Number of protein chains: 2
Amino acid sequence: MKFSELTPEQLDQAANMLKAIAHPVRISILNCLEDGKKLTVSEIHSTLKIEQATASHHLGILKDKGVLNSKRDGKNTFYFLKHENLTSILDCVSKCSCS
Amino acid sequence: MKFSELTPEQLDQAANMLKAIAHPVRISILNCLEDGKKLTVSEIHSTLKIEQATASHHLGILKDKGVLNSKRDGKNTFYFLKHENLTSILDCVSKCSCS
DNA sequence: TATTAATATACAAATATATAAATATTATGC
DNA sequence: GCATAATATTTATATATTTGTATATTAATA
């Protein structure tokens with residue numbers, strides 16, 4: 001799939017997905033969710049030492065833009081990567097930003 | 001290199017790099033520069049049918065954030081990818097946003 | 001040197017995003 | 001139903017980004 005074959009809508013969706021990822025807190029969240037891990041809002045909030053509302057907010061953005069999925073289980077909501085291979089983006093950028 | 005091993009500064013740089021890419025016009029620009037191609041501002045501006053100033057502006061952002069490099073040759077400035085493997089980000093996102 | 005081509009920058013208006021604090025919703029267990 | 005825990009949403013303020021238009025810079029050439 002070449003980008004030149006994408007419709008403007010798909011191009012926008014790709015940009016929105018990347019925009020969602022392109023934030024220090026949200027990169028850190030994705031880092032927590034590597035290897036198929038499913039974590040609750042509380043776990044993210046305590047692990048990253050950020051406000052509960054902030055964690056929920058960023059998780060909501062990532063879900064809204066198609067990066068994450070979530071599954072409610074009682075009082076908890078577990079978040080996880082929608083596409084496992086998205087972490088390869090992180091690998092690539094971390095390589096590029098360290099050289 | 002795991003992200004958890006990145007310093008806050010490197011995390012910010014990675015986020016800035018992704019933010020630079022995360023825009024429909026700039027994704028289209030990167031798409032033009034695949035396979036090591038080097039293009040001038042004029043070529044980008046006519047290929048993508050955007051204003052000259054807009055092309056220059058977006059190219060400047062991509063260069064400033066470490067995504068592109070440029071080389072002046074007389075009246076022309078040629079832009080090209082700084083890290084060839086950055087296009088793998090596009091491949092990944094295009095796959096994810098089409099499924 | 002004057003003209004033209006190619007690129008880059010400055011500015012302003014509209015839009016979008018980030019952050020924190022407060023409040024609301026959803027679900028459990030007594 | 002009431003209290004509590006876990007999430008989610010709202011609101012307001014500050015900041016950043018995008019876009020177009022105009023202008024400035026840089027380089028070649030007549």
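For clarity, every value in this text was computed on a predicted model and none was experimentally measured. All chains are named by letter (A, B, ...) in the order of the sequence lines, taking the proteins before the strands, and each is independently numbered beginning at 1.
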Closer to the 5' end of DNA chain D via nearest nucleotide, is it B:Ala22 or B:Ala53?
B:Ala22

In whole angstrom, what separates B:Ile50's CD1 from C:dT7's P?
12 Å

Protein-nucleotide distance (A:Ile29, atom CD1; C:dA18, atom P), rounded to Å:
12 Å

Roughly how many Å is it from CD1 in A:Ile61 to P in C:dT17, rounded to a whole number?
8 Å

Can a donor-acceptor pair be found, under 3.5 Å and without considering hydrogens, that links the side chain of A:Ser56 to the backbone of A:Gln52?
no

Would you mind telling me which residue lines up with the more 5' stretch of DNA chain C, B:Leu59 or A:Gly74, judged by nearest nucleotide?
B:Leu59

Any A:His58 side-chain N or O less than 4.0 Å from OP1/OP2 of C:dA18:
no

When you measure from the side chain of B:Asn16 to the backbone of B:Asp12, do you find a donor-acceptor pair of N or O atoms at a distance under 3.5 Å?
yes

Spacing of CD belonging to A:Gln13 relative to CD belonging to A:Glu9, to within rounding of 0.5 Å
10.5 Å

Determine the contact category for A:Glu51: base if any of its heavy atoms lies under 4.0 Å from a base atom, sugar-phosphate if only primed atoms, P, OP1 or OP2 are that close, otherwise nothing.
nothing

What's the CG-P distance between B:Leu18 and C:dT17, to the nearest Å?
16 Å

Touch class at under 4.0 angstrom, heavy-atom based, for A:Ala55 against every strand present:
nothing

Within the 4.0 Å heavy-atom criterion, would you say B:Lys63 contacts the bases, only the backbone, or no part of the nucleic acid?
nothing

Minimum-distance nucleotide (side-chain atoms of B:Thr54 versus D:dT17, C:dT7, D:dG20)
D:dG20

Need one value for A:Ser56: base, sugar-phosphate or nothing, where a base atom within 4.0 Å counts as base even if backbone is also close, heavy atoms only.
base

Let's see if you can work this out: which of C:dA6, D:dA6, D:dT7 has an atom nearest to the side-chain heavy atoms of A:Gln52?
D:dT7

For the residue pair B:Lys71 and B:Phe78, would you count it as a cation-pi contact if the rule is NZ or CZ under 6.0 angstrom from the ring centre and within 45 degrees of the ring axis?
no

Using heavy-atom distances to pick each residue's nearest nucleotide on DNA chain C, tell me which of A:Asp73 and A:Asn16 is more 5'.
A:Asn16

Nearest-angstrom distance from the residue atom CD1 of A:Ile21 to C1' of C:dT17:
17 Å

Whole angstrom is fine here: how far is it from NE2 in A:His57 over to C1' in D:dT7?
14 Å

Would you check if A:Arg26 and A:Lys65 make a side-chain contact, meaning some heavy-atom pair closer than 4.5 Å?
no

With distance as the sole test, does A:Thr87 use its side chain to make a donor-acceptor pair with the main-chain N or O of A:Leu90 at under 3.5 Å?
no

Once you apply a heavy-atom cut-off of 4.0 Å, does B:His23 come out as touching a base, just sugar-phosphate, or nothing?
sugar-phosphate

For B:Tyr79, which contact category applies under a 4.0 Å heavy-atom criterion: base, sugar-phosphate, or nothing?
sugar-phosphate

Just to confirm, is there a sub-4.0 Å distance from OP1 or OP2 of C:dT7 to any side-chain nitrogen or oxygen of B:Ser42?
yes

Measure from CG on A:Asp12 to P on C:dA16 and round the result to the nearest Å.
12 Å

Presence of A:Thr77 side-chain N/O under 4.0 Å of D:dA6 phosphate oxygens OP1/OP2:
no

Quick one: B:Lys75 NZ to C:dT3 C1', roughly how many Å, whole number?
11 Å

Students often get this wrong, so: under 4.0 angstrom with heavy atoms, is A:His45 touching a base, only sugar-phosphate, or nothing?
nothing

From C:dA27, C:dT7, D:dA22, pick the nucleotide closest to the side chain of A:Arg72?
C:dA27

Please check the phosphate of C:dT7 (OP1 and OP2 only) for any side-chain N or O of B:Asn76 closer than 4.0 Å.
yes

